[in-house]
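Proteins get letters first, then strands, A, B, ... in listed order; numbering begins at 1 in each. Everything quoted here is computed from the prediction, not taken from an experiment.
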Amino acid sequence: MGYPHQPHPRETLVLSKHFGEGDARSLDGWKKRGGYKALETALGMDPVAIQNVVKESGLRGRGGAGFPTGLKWSFMKIGDGKPHYLCCNADESEPGTFKDREIMRWTPHALIEGVAIGAHAIGAENAYIYIRGEFTEPIAVMEAALVEARNAGVVGKNAMGSGKTVNVWVHRGAGAYICGEETALMNSIEGRRGNPRIKPPFPAVAGLFGKPTTINNVETLTAVPHILNHGADWYKKMSRPDNPKSTGTKLWSVCGNIQRPGNYEVEMGFPFGEFLNDVCGGAPQGRTIKAVIPGGCSVPIITREEAERAVMDYEGMMAVGTMLGSAGCIVIDSAQSMPRQIARLARFYAHESCAQCTQCREGTAWTTKILERIVAGDGTAEDLDTLLEIGENMTGKTICVLSDSCATPVSSGLAKFRHEFEALIKTKTVHAVPAVVA
Amino acid sequence: MSHGPSAAGGAVLKAGHGHHDEPHVPVFVGDTRAKLDDLLTRYPSKQAALLPALWMLQQARGWVSEAGMAEIASLLDITPAYVKGVVSFYTMYHQHPVGKYFIQVCTTSPCHVCGAEDVVKAFLDQTGCGELGVTSLDGRYTVIEVECLGACGFATPIMVNEDFLESVTPENVSDVLKKYQ
């Protein structure tokens, strides 16, 4: 669904069906579209029964990790006498990713419904939607929708007359990519610096305010009402018949050097080449796609050839050596210098490191320094091996994966486009002449 | 150019909010105090209201002053040093007064490949700021680069105070600035 919200015939619109329809934002407009029926059903169900439907549907976390949602919910021990919490992760800060923003902007009640169902399914009376501070419009839209939902008794005490309490609150972030990491997000809600916590204990044991907590992405929770309305089988059928592990639809955010950027919703298993070239129109101005970062900028960079033979689901992306991640797809075309783009990516991580772990604090800064030196025309032949070595020391050695996320595009970029780095170091040109990639 | 917030009519804070001159007058009195008290009912700990309280302070003052931080510390039973530690972690709290219009231009990778650097240059040239983070002599503008505004498909997104604008190009920078005089 390219901007401004023109669906492509190859899309399967489930979550994005009402994007661009202004009146879908109101409670009445949402109810007219079948909204809150699933919540009513869910509030009459046993939490474990809801967990089982979601387990059966095969829904996996859409924030990037792809962990099975129903299984995650089942880690919460219902009736343990402790307060439980649900956090909706709306700290959408991964470069390349802008799907949750559109869900909140256009269908706030869809998210509220998903959050309320999720809260009931894990035995939580309080749910917080943590929205990144920069998202002023989604925050305002969500706040307004929550006021409507509270006033109508949809959420709050005795939600929809069920006798259950489901409070839903918005909590505004204040500019920190790391707060999208689940334990950093909980720290941020608690009024702390957004430093990730060491796991274990996992959030399901000791999370927000030290109590059992589940963190789900906006897109994950928004899919839940559809699953309850139409059944687990309906959801499972929207995927490759030979791949039962990636089910349903996925919102893909497409940006960078592409003719028609925007959010597109397709069934899992859609051919990636067809998607990039036909649905999104390929590279602009007659140029060719050179590289693709398919899952938000933390995943390995792949070449056009690899992208074109991939299919769009968790396993399909792994088959070409990358990851589906958050499905924030960054397209880089033949006019771009890869060293320059990779240096810019590293700078992002250096800026966003919470500085808690040495490998990350020092590694992201050092990586950036070397890459920026190479781009400025002062690189040496040894720099490339040094970059790989630093990357190795940044991987798997820190509290969270931000450090790994910086090393990944650098090492994969070097593996795929080393000739561009070497040419730049050799010619010492400040502006690299882009290499031709077959 | 399309305007994000105007579609929902929801931009919370309008331009011209910077009152830099009364840092010692308490902020959390009257309605603002009532709003904070209501906020405290949402969390099992007082400290959890820190980020929202800091937002309230910044919206009232335009920046987060030492006096404001001390006031929040006392209301939430934490120390001013702790508050400062949290404030300095997050990039959106201004620890110093900024221009009447605080302009943030996204230059992270997806916007970078679409030419965001030229948008930054146009803002620096046309606001008279000249340099990132420096307020123009007339006190009107401060321009900074920001890491990912989460609107990558609509390059280049910018924020002017709490207004979110999409698809800004070097060519339409002058039109943007006309609205923020």
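Atom SG in B:Cys114 sits 12.0 Å away from atom CZ in B:Phe154 (nearest 0.5 Å).
Between B:Asp125 and B:Lys121 there is a salt bridge, since at least one side-chain N of the basic residue sits less than 4.0 Å from a carboxylate O of the acidic one. Using a 4.0 Å cut-off between charged nitrogen and carboxylate oxygen, A:Arg344 and B:Glu147 count as a salt-bridge pair.
Within the 4.5 angstrom heavy-atom criterion, only side-chain atoms of B:Ser88, from C-beta onward, approach chain A. For A:Val170, the part lying under 4.5 angstrom from a heavy atom of chain B is the backbone only. If you measure heavy-atom distances from B:Ala151 to chain A, the contacts under 4.5 Å come from both the backbone and the side chain. For chain B, the nearby parts of A:Cys354 are the backbone and the side chain; heavy atoms of each come within less than 4.5 Å. When heavy atoms are compared at a cutoff of 4.5 Å, A:Ser253 does not approach chain B at all.
Separation of the A:His8 and A:Tyr264 ring centroids does not fall under the 6.0 Å cut-off.
Among B:Gly153, B:Ala53, B:Pro157, the residue making the largest number of heavy-atom pairs under 4.5 Å with chain A is B:Gly153. Ranked by heavy-atom pairs under 4.5 Å with chain A, the list B:Ser45, B:Gly85, B:Ala48 is led by B:Ala48. Of the residues considered (A:Pro95, A:Pro261, A:Ala176), A:Pro95 shows the highest number of contacts with chain B, using heavy-atom pairs under 4.5 Å. Your options are B:Ala155, B:Pro44, B:Cys152, B:Pro52, and the one with the most heavy-atom pairs under 4.5 Å with chain A is B:Cys152. Counting heavy-atom pairs closer than 4.5 Å to chain A, the top-ranked of the candidates B:Val83, B:Leu76, B:Thr107, B:Val146 is B:Thr107.
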Subject >> Check against ring pair (Phe, Tyr, Trp, His ring centres under 6.0 Å), B:Tyr43 and A:Tyr128 >> reply: CA-CA 10 Å; B:Tyr43 308 98; A:Tyr128 300 98; 5.4 Å; yes
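Side-chain N/O atoms of A:Asn195 and A:Asn187 include no donor and acceptor closer than 3.5 Å.
Geometric assessment of A:Arg132 against the ring of A:Phe135 yields a positive cation-pi assignment under the 6.0 Å and 45° thresholds.
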